[in-house]
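Reading through the structure tokens given below for one structure.
Values reported hereafter were calculated over all heavy atoms of this structure, with side chains retained and with hydrogens, waters and symmetry mates removed. The chains referred to below are lettered A, B, ... by the order of the sequence lines, with proteins before strands, and numbering in each begins at 1.
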Amino acid sequence: MSTSLPTRYDFAASEEALYAMWEDGKYFQPETTTDTDGVSFMSKPREERPDPFCVMMPPPNATGILHLGHAARMTTEDIMTRYHRMTGKPTLFLPGTDHAGIATQSKVEHILLEEEGKTRHDLGREAFLERVEAFVQDSQDTIRNQVRRTGASCDWSREAYTFSPKLNKGVNEIFARMFKDGLIYRGARSINWDPKLKTNVSDDEVEYKEEKSPFYTFQYGPFQIGTVRPETKFGDKYVVVHPEDERYAQYTHGDTFECEWINGPITATIIKDEAADPEAGTGAMTITPWHSQVDFEIAQRHNLDIEQVIDLEGKLLPIAQEFAGMPIEEARQRIVEKLEQKGLIVSIDEDYTHNVATNYRGGGVIEPQVMKQWFVDVNKPAVQVNWKPGEMLSIKEALQSAVRDEQIQILPERFNKTYFSWIDNLRDWNISRQLWWGHRIPIWYPEGAVGDETQAVLEEDKQDGVTYVQDEDTLDTWFSSMLWTFSAHGWPEETDDLEYFHPTSVLETAYDILFFWVARMILASTYARHEVPFKTVYLSGLIRDRSGAKMSKSKGNGIDPLEMIDKYGADAVRLSLIVGTTPGNDSRLYEEKIKGYRNFSTKLWNIARFILNKFPDVTAAPTPVTLADNWILSRLAAVRDDVTTGLDTYNLGVGGETLYAFAWHEVADWYIELLKDESQNDSGPVARFVLEELLKLLHPYTPFITEEIWKHLEKPEALIVTAWPTPLEQDKEVEAAFNVVTDMIEATRSIRGTLRIPAEKELTASTTADLSEEQRRAIAQLARIQFEETPREGASVIAHGRLNALTLSIEGAVDLEAERSRLTEELQNEESHSERIQKKLSNTKFVEGAPTEIVQKEREKLERAEHKIGLLKGQLEQLG
RNA sequence: GGGCUCGUAGCUCAGUUGGUUAGAGCGCCAGCUCGACACGCUGGAGGUCGGAGGUUCGAAUCCCCCCGGGCCCACCA
């Protein structure tokens with residue numbers, strides 16, 4: 001019936017063996033889920049299958065190692081996956097890795113430079129790509145093994161990679177479709193250039209950092225203009241003021257004037273535009289359209305000349321004359337010196353803070369440039385979605401509609417607001433990168449017309465007899481990861497998986513990539529498949545250290561999840577990452593926390609060890625024989641329902657905590673303590689049942705130790721595919737018996753917390769009220785206790801009894817007068833409360849105006865209040 | 001500037017739609033080497049719920065203001 005457990009749980013040995021057992025058993029594959037006749041659902045036609053559960057792993061970058069954030073992702077997704085699998089649905093957790101354009105390329109470039117002193121140009125494109133490829137393959141192996149260590153039950157037979165030939169097909173396909181629909185275009189725009197990595201990045205990849213730098217005010221003809229970037233001012237020949245600005249009312253738009261400037265006299269033109277803020281400084285500014293997005297827009301509005309001042313290396317161009325070729329920092333200083341000599345400096349504010357744009361990957365200072373790039377048009381209507389047949393939406397509208405029309409639910413809800421405001425500010429998405437590592441833009445130009453968008457064609461539109469050259473650039477890495485929910489299922493081919501598992505059930509990721517990834521997956525899926533990519537977005541918080549700081553290598557405050565798994569076991573790490581977390585909120589992690597959950601593993605192990613040793617052979621149904629049995633069964637049912645509800649509503653942390661407390665403080669500290677008494681010798685079936693149900697409920701959270709214990713129960717099936725606990729027939733009886741006891745306790749207003757009933761100690765309840773005949777009978781029956789006489793003034797004990805190891809006694813009244821006034825006061829409160837609700841409910845404006853469920857709630861409140869009034873009155877009567 | 005979020009025991013956090021005496025884990029103190037577990041058991045100390053005001057019979061919970069921390073977006077000529 002069962003084999004005994006070793007004294008200690010050797011998690012290291014168990015974890016490896018168990019994961020291998022699960023993989024060998026193909027339990028991670030949806031094909032393994034069968035109907036009651038043992039027929040795989042996946043072998044049946046689509047209409048005969050139940051609704052599946054599918055979650056896509058956010059693919060870790062193929063650059064190295066698994067960090068704590070990844071481990072948290074895996075755990076959260078795996079808990080959902082394992083739960084749904086146990087409910088009998090075909091379940092798919094699809095793993096994979098991301099080629100991560102910028103991150104990977106710069107990492108390999110860095111290694112190359114460090115180890116061989118070479119740049120990627122020394123190697124050439126092809127050789128460099130081979131190097132990256134080798135590096136990635138190596139990293140992927142590491143990642144795969146690390147993911148396994150977390151216990152993630154993902155289907156490795158379906159593993160995907162964002163840069164595989166298969167997914168490349170998907171990228172080319174969607175590019176081609178969007179290109180033909182006019183959603184992708186090439187044009188010269190102001191873009192964010194990173195001179196360090198020599199590529200441009202999208203608006204979302206720009207991270208602003210606060211910095212202190214001198215703020216100069218210069219004399220510019222009759223105007224005074226301010227800047228922190230004197231080095232960009234060579235090309236400035238326009239002064240912009242607000243049309244309503246009184247100070248400059250004497251000038252009209254288009255007026256010109258001569259003035260002395262850095263390299264001699266220039267002619268400047270006055271532009272009136274509302275972009276100039278009269279409140280800021282002097283209200284007048286010069287503009288540098290080539291190197292500022294805002295200025296670029298002003299220039300476009302008025303059709304002004306734009307000139308490049310700084311090159312792609314971050315050095316000044318010949319327009320700067322004597323300063324040409326200088327890097328920015330040096331030039332800035334020299335220019336200030338020169339302007340000072342010319343007497344054109346009005347003031348210098350050394351204490352000025354402003355925001356500097358940097359590349360969030362790699363941290364180079366962004367220099368806006370005007371360049372021809374590929375963009376996705378977010379305003380052109382070209383998207384059809386299946387929940388709004390016949391309408392043609394723009395990308396912006398489709399993104400909004402998916403959430404606004406409740407096709408997608410974002411958890412926590414407050415992120416809706418963030419999401420919508422991001423869309424409101426969304427500009428055309430720059431998708432081309434000057435990197436080598438990535439999906440190459442599937443566009444060809446006739447030789448000699450490279451970069452000319454008017455002659456750009458797709459592969460399929462190449463003409464015979466013309467020699468073509470492919471676009472040099474690659475695509476933003478998010479352009480491929482946005483396809484993840486469907487390209488990983490084989491899109492553009494209509495595979496069975498794609499049809500069955502898409503839209504996926506839930507997308508779990510940290511909130512910091514809501515824009516980068518989540519929004520763009522919605523973009524891709526609505527455009528390419530007319531449906532949403534997932535029904536629910538579960539946004540996790542970030543993991544921080546004990547003091548709330550972000551974990552990072554440079555700070556040295558990071559915790560290596562693998563090291564922790566080695567030390568405390570995967571189950572402990574999983575619990576520490578999930579208990580106490582709620583969607584969208586950051587959580588803190590430190591070693592003691594993990595240690596605490598390792599202790600829990602040991603506790604669970606010993607619970608099992610005790611029960612299996614005491615009751616090795618049990619076949620009978622779990623029929624309660626004592627009050628304690630009843631109690632634990634009814635608590636188990638409540639815990640089961642709480643945990644199930646928690647998992648269904650994505651309250652994973654609460655479920656874990658509930659189980660932790662139940663197992664430790666109720667099963668171990670209370671129930672098992674009672675089991676030690678020989679009068680509980682018939683409780684084997686209940687004890688075994690409690691253990692088994694507990695293991696099932698805990699399995700999604702702590703898969704390894706529960707499966708290991710399960711092995712000793714000698715069951716026909718592995719725990720991983722055992723059916724999730726559901727309500728039992730006998731729940732009702734157990735519940736009824738439990739209610740009698742709790743009612744009794746309620747009536748005697750006793751024991752708060754209810755379950756801390758130590759063995760061999762008294763269960764006490766103080767009361768002034770007598771128990772009803774019915775309650776006495778029930779208690780007497782369950783607890784086999786004898787009642788003494790009715791309460792008398794000052795009596796200390798009105799009932800006393802003993803149930804096996806459990807002594808139950810009910811204390812009598814001490815101060816009838818105090819009790820009377822307390823009850824009276826409470827009654828008054830309750831009555832006025834009920835009056836207030838009645839008043840509210842007699843208000844027709846409220847009843848007709850408020851939502852029905854609110855009114856309903858008020859009615860329920862009233863009922864409760866009146867019930868309580870009845871109780872209180874009864875109690876008062878009994879006091880006389 | 002716009003928005004979000006947090007402030008509860010020494011530390012990390014729970015506290016459902018307002019409802020008896022505000023909870024847990026760790027830490028601390030006292031006592032337990034009784035055959036599941038010292039990665040343990042039993043008990044205990046410790047909180048004017050950031051501050052002030054308001055609504056209410058009743059506020060950690062709802063509203064206003066203030067203080068302090070974190071985050072996102074816009075923008076800084």
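Between B/A14 and B/G25, the distance separating the two P atoms is 16 Å to the nearest Å. Rounded to a whole angstrom, the distance from the P atom of B/G47 to that of B/U42 is 24 Å. When the C1' atom is compared between B/C13 and B/G27, the two are found 14 Å apart, to the nearest whole Å. Taking the P atoms as reference points, B/A24 lies 11 Å from B/G44, given to the whole Å. To the nearest whole angstrom, the two C1' atoms, one in B/G46 and one in B/C11, are 13 Å apart. As rounded to the nearest Å, B/C65 and B/U5 have P atoms that lie 15 Å from one another. Taking atom P on both B/C62 and B/U17, the two are 9 Å apart, rounded to the nearest angstrom. On the P atoms, B/C64 is 12 Å away from B/G3, given to the nearest whole Å.
Atom CZ of A/Phe516 is separated from atom P of B/C72 by 11 Å (rounded to the nearest Å). Separating the CG atom of A/Asp512 from the C1' atom of B/C72 is a distance of 11 Å, rounded to the nearest angstrom. In this structure, the OH atom of A/Tyr511 is 11 Å from the P atom of B/C73, given to the nearest Å. One atom, CG of A/Asp204, and another, P of B/C72, lie 13 Å apart when rounded to the nearest Å. Between A/Tyr590 atom OH and B/G27 atom P the separation is 11 Å, expressed in whole Å. In this structure, A/Leu589 places its CG atom 13 Å from C1' of B/C26, rounding to the nearest Å. Here B/C75 presents its C1' atom at 11 Å from CG of A/Asn425, a figure rounded to the nearest Å. Rounded to a whole Å, the CD atom of A/Glu207 is 16 Å from the P atom of B/C75.
Residue whose closest nucleotide on RNA chain B sits further toward the 5' end, between A/Glu592 and A/Val356: A/Glu592. If A/Asp203 and A/Gly596 are placed on RNA chain B by their nearest nucleotide, the residue sitting closer to the 5' end is A/Gly596.
Residues meeting the side-chain contact (heavy atoms from CB on, under 4.5 Å) test with A/Tyr248, sequence neighbours left out: A/Phe223, A/Val241, A/Asp245, A/Tyr251, A/Thr282, A/Ala284. Applying the side-chain contact (heavy atoms from CB on, under 4.5 Å) rule to A/Thr217 yields the partners A/Phe215, A/Gln224, A/Val346, A/Ser347; only residues at least two apart in sequence or on another chain are considered. In this structure A/Tyr419 satisfies the ring pair (Phe, Tyr, Trp, His ring centres under 6.0 Å) test with no other residue, sequence neighbours excluded. With sequence neighbours excluded, the residues forming a side-chain contact (heavy atoms from CB on, under 4.5 Å) with A/Thr702 are A/Asp571, A/Leu575, A/Leu698, A/Ile705, A/Thr706, listed by chain and number. Scored by the ring pair (Phe, Tyr, Trp, His ring centres under 6.0 Å) test, A/Phe610 finds no partners at all (sequence neighbours excluded). Every residue two or more places apart in sequence or in another chain that forms a ring pair (Phe, Tyr, Trp, His ring centres under 6.0 Å) with A/Tyr597 is listed here: A/Tyr660.
With B/C13, B/C76, B/C71 as the candidates, the nucleotide lying closest to the side chain of A/Arg544 is B/C71. Closest to the side chain of A/Asn355, from the set B/A14, B/U12, B/A74, is B/A74.
Residue-level contact check: A/Val228 touches the backbone only, with heavy atoms under 4.0 Å from sugar-phosphate atoms and none from bases. Among the atoms of the strands shown, only primed sugar atoms or phosphate atoms (P, OP1, OP2) are found under 4.0 Å from some heavy atom of A/Thr227. Among the heavy atoms of the strands lying under 4.0 Å from A/Phe215 are primed sugar atoms or P, OP1, OP2 only; no base atom is included. Using a 4.0 Å heavy-atom cutoff across all strands shown, A/Asp277 reaches at least one base atom of the nucleic acid.
For the side chain to side chain contact (heavy atoms under 4.5 Å, CB included) with A/Leu659, the lone residue among A/Val639, A/Asp642, A/Val654 that qualifies is A/Val639.
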For this session: Can you check each nucleotide of nucleotides 33-39 of chain B against protein heavy atoms at under 4.0 Å and return B for base, S for sugar-phosphate only, - for none, in 5' to 3' order?
Result: ---BB-B
For this session: Could you provide the dot-bracket string of RNA chain B, using ( ) for intrastrand pairs, [ ] for crossing pairs and | for bases paired to another strand, with Watson-Crick or G-U pairs below 3.5 Å?
Result: (((((((..((((.....[...)))).(((((.......))))).....((.((..]....)).)))))))))....
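A/Trp605 places a side-chain N or O within donor-acceptor distance of the main-chain N or O of A/Pro6, the cut-off being under 3.5 Å. A donor-acceptor distance shorter than 3.5 angstrom exists from the side chain of A/His242 to the backbone of A/Glu244, with no hydrogens or angles considered.
Sequence neighbours left out, not one pair with a member in residues 596-609 of chain A passes salt bridge (charged side-chain N to carboxylate O under 4.0 Å, His left out). Sorted by first and then second residue, the pairs that involve residues 576-586 of chain A and meet salt bridge (charged side-chain N to carboxylate O under 4.0 Å, His left out), not counting sequence neighbours, are A/Arg544-A/Asp586. For residues 6-15 of chain A, no residue pair satisfies the salt bridge (charged side-chain N to carboxylate O under 4.0 Å, His left out) rule, not counting sequence neighbours.
Seen from the ring of A/Trp670, A/Arg635 does not count as a face-on cation partner, given the 6.0 Å and 45° thresholds.
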Between the protein and nucleotides 3-10 of chain B, list every N/O to N/O distance that falls short of 3.5 Å.
from, atom 1, to, atom 2, distance (Å)
B/C4, OP1, A/Lys417, NZ, 3.4

